[in-house]
Amino acid sequence: MITFDQVSKRYPGGIDVLKNVSFELAKGEMAYLSGHSGAGKSTLLKLIAAIERPNSGTVLVNNQNVSKLKSDALPYLRRNFGLIFQDHKLLFDRNVFDNVLLPLQICGFEYKESAKRVRAALDKVGLLGREKSNPIALSGGEQQRLCIARAIVNRPSILLADEPTGNLDAEYAEEIMNIFNSFHQVGVTLLISTHDAALLRETNLRIIELKQGAIQPHSRYAADLHETEDA
Amino acid sequence: MNTLSTQQGVIRTALGRMFVSPMAGIVNILVIGIALSLPAGMYVLLKNAQGLVAQLSGSPQISLFLAMDATPYSEEQIRRQLNDHQNIKSVEFISRTDALNTLSEETGLTDVIAGLDKNPLPDAFVISPRTSNAKQLDELRNELQKIQGVELAQLDSAWAYKLEAFVEFAHIAVLVLASLLSLGLIAITFNTIRLQIVTQRDEIQVAKLIGATDAFIRRPFLYFGAIQGLLGGIAAWLIILSSLQLLKQPLANLSQLYASNFALEPLSAGDSASLLLFSLYLGWLGAWLSVARHLSLIESR
């Protein structure tokens, strides 16, 4: 589903954020992307959604070379993704319902069909009762769940989440991971970046660890991670 | 994809943005309306003036006044010359006695005229030329002036032709004014849309990140520009209509003094439609230029 082949990324005037990164994520797979902040996790996710372009190497999504895509094809690529941002990127000039409606408006859905889908997505993340609220009135955990609702309303085949549990306490974080697990069960491909050690320690999922822009070869499983964390 | 309901949604979005700050929106529409009403109003007045000129100079005449000492013989000779002239349609002779009678009848100055010891008026021919071209008329007048025994050849509608020339000049002035103010209108829309793009920055960024095409992002701004232009055009139309209404009575009084039944024609249906379409187009163009310039500056991050 997602293939990185020898991908390097350097921001203008900066150091190499990613160095020769290669990995593959199978269809329907759920994996963590771990590493300290500044390790290149966000950049890697941005390369998948073609928000950034690599300096060298190829990024394939559904066997499409994302880095060679023309800019007018980008919107249609991005509709395959559900993006969950670290800073949520919610719009505070409209209510919860309209925030979730936006992706469907972009894809040109009929309003009636859209409203049904929006309510289903809000129900999934437990925000159905708050649809008339302004997102500013929501707690951090609720805002994160709203962001998830917006990402899934379009029924994407790939979910990319950047630090979804970043500023949440353990209880909220678990709630959100349960939501992700339910998507995993229905066949959605998920890549979740996190530096939450507790979360990584408990999981049986594959972990791709980035360290200073390079993938750590021995850290494919949780057990390996503990060693590097302790080191 | 571009179903009717999404189009309505876009129009709703555009109108919604207009009512976010209703005062600013109204001021914008008013400014556009005033800017458009100036050249459009002048155009209406000019069109009326042209109608007046055409009415007045429709059948040009040349009056040929004979010398006071002209004999019936020379009068007959002149008449023959005129009848033979290829550029002259018809000739009417008004003898000095007839002229004096007409004058005393029309002005009621019978007593004064009766008191004159001799008739001060000359014999005259009133000539209807075949042409109505100003230059040819002038040539004809010069030619007739040279006939022996003619004291004065006078082109009756000369002033109408001068007015026509002036109207032509004013026409160009209106065009220049209209072009300048159109540019102003484009600039107003350009700036309004720029401000909107700045305030909608977050929405644009998020929309781009979740798969919005440029066309999707552009559309509400273009609709906004077009709607604002159209409303400005409607404002201009109302300004012109009410101004003409104000001018109507004074002008009727004035035209009565000149024994004319001249009345101001308002904007025709075709001209009204042109005005509205033009203002709509200018608004759209201003928005398009602004979006093309500013949207690329907001790149998704």
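Below, chains carry the letters A, B, ... as their sequence lines are ordered, and counting in each starts from 1. Just so it is clear, the structure is predicted and the values come from calculations on it, not from any experiment.
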Handout entry: Side-chain heavy atoms of B:Ile210 within contact of A:Phe81, under 4.5 Å
Key = no
Exercise for the section: Please say whether more than 12 non-hydrogen atoms of neighbouring residues, nucleotides or ligands are located less than 6.0 Å from CZ in A:Arg53. Expected result: yes
Practice task
Calculate, to the nearest 0.5 Å, the distance between atoms CD1 and OG1 belonging to A:Ile106 and B:Thr213 respectively.
Solution key: 8.5 Å
Practice task
Kindly compute the distance separating NZ (A:Lys89) from CG (B:Leu209), expressed to the nearest 0.5 Å.
Solution key: 6.0 Å
Exercise for the section: Would you please go through residues 90-101 of chain A and name the residues with a non-hydrogen atom below 4.5 Å from one of chain B, in numerical order? Expected result: A:Leu91, A:Asp93, A:Arg94
Handout entry: A:Tyr11, OH: over 12 other non-hydrogen atoms inside 6.0 angstrom
Key = yes
Exercise for the section: Step through the shown structure and confirm whether more than 12 heavy atoms of other residues, nucleotides or ligands are within 6.0 Å of CD on A:Gln212. Expected result: no
Handout entry: Donor-acceptor contact present, side-chain A:Arg78 to main-chain B:Lys208, <3.5 Å
Key = yes
Problem - CG (A:Asp87) with more than 12 external heavy atoms under 6.0 Å - result: yes
Problem - CG-CG distance between A:Asp72 and B:Asp214, expressed to the nearest 0.5 angstrom - result: 8.5 Å
Handout entry: A:Phe23, CZ atom: more than 12 neighbouring heavy atoms under 6.0 Å
Key = yes
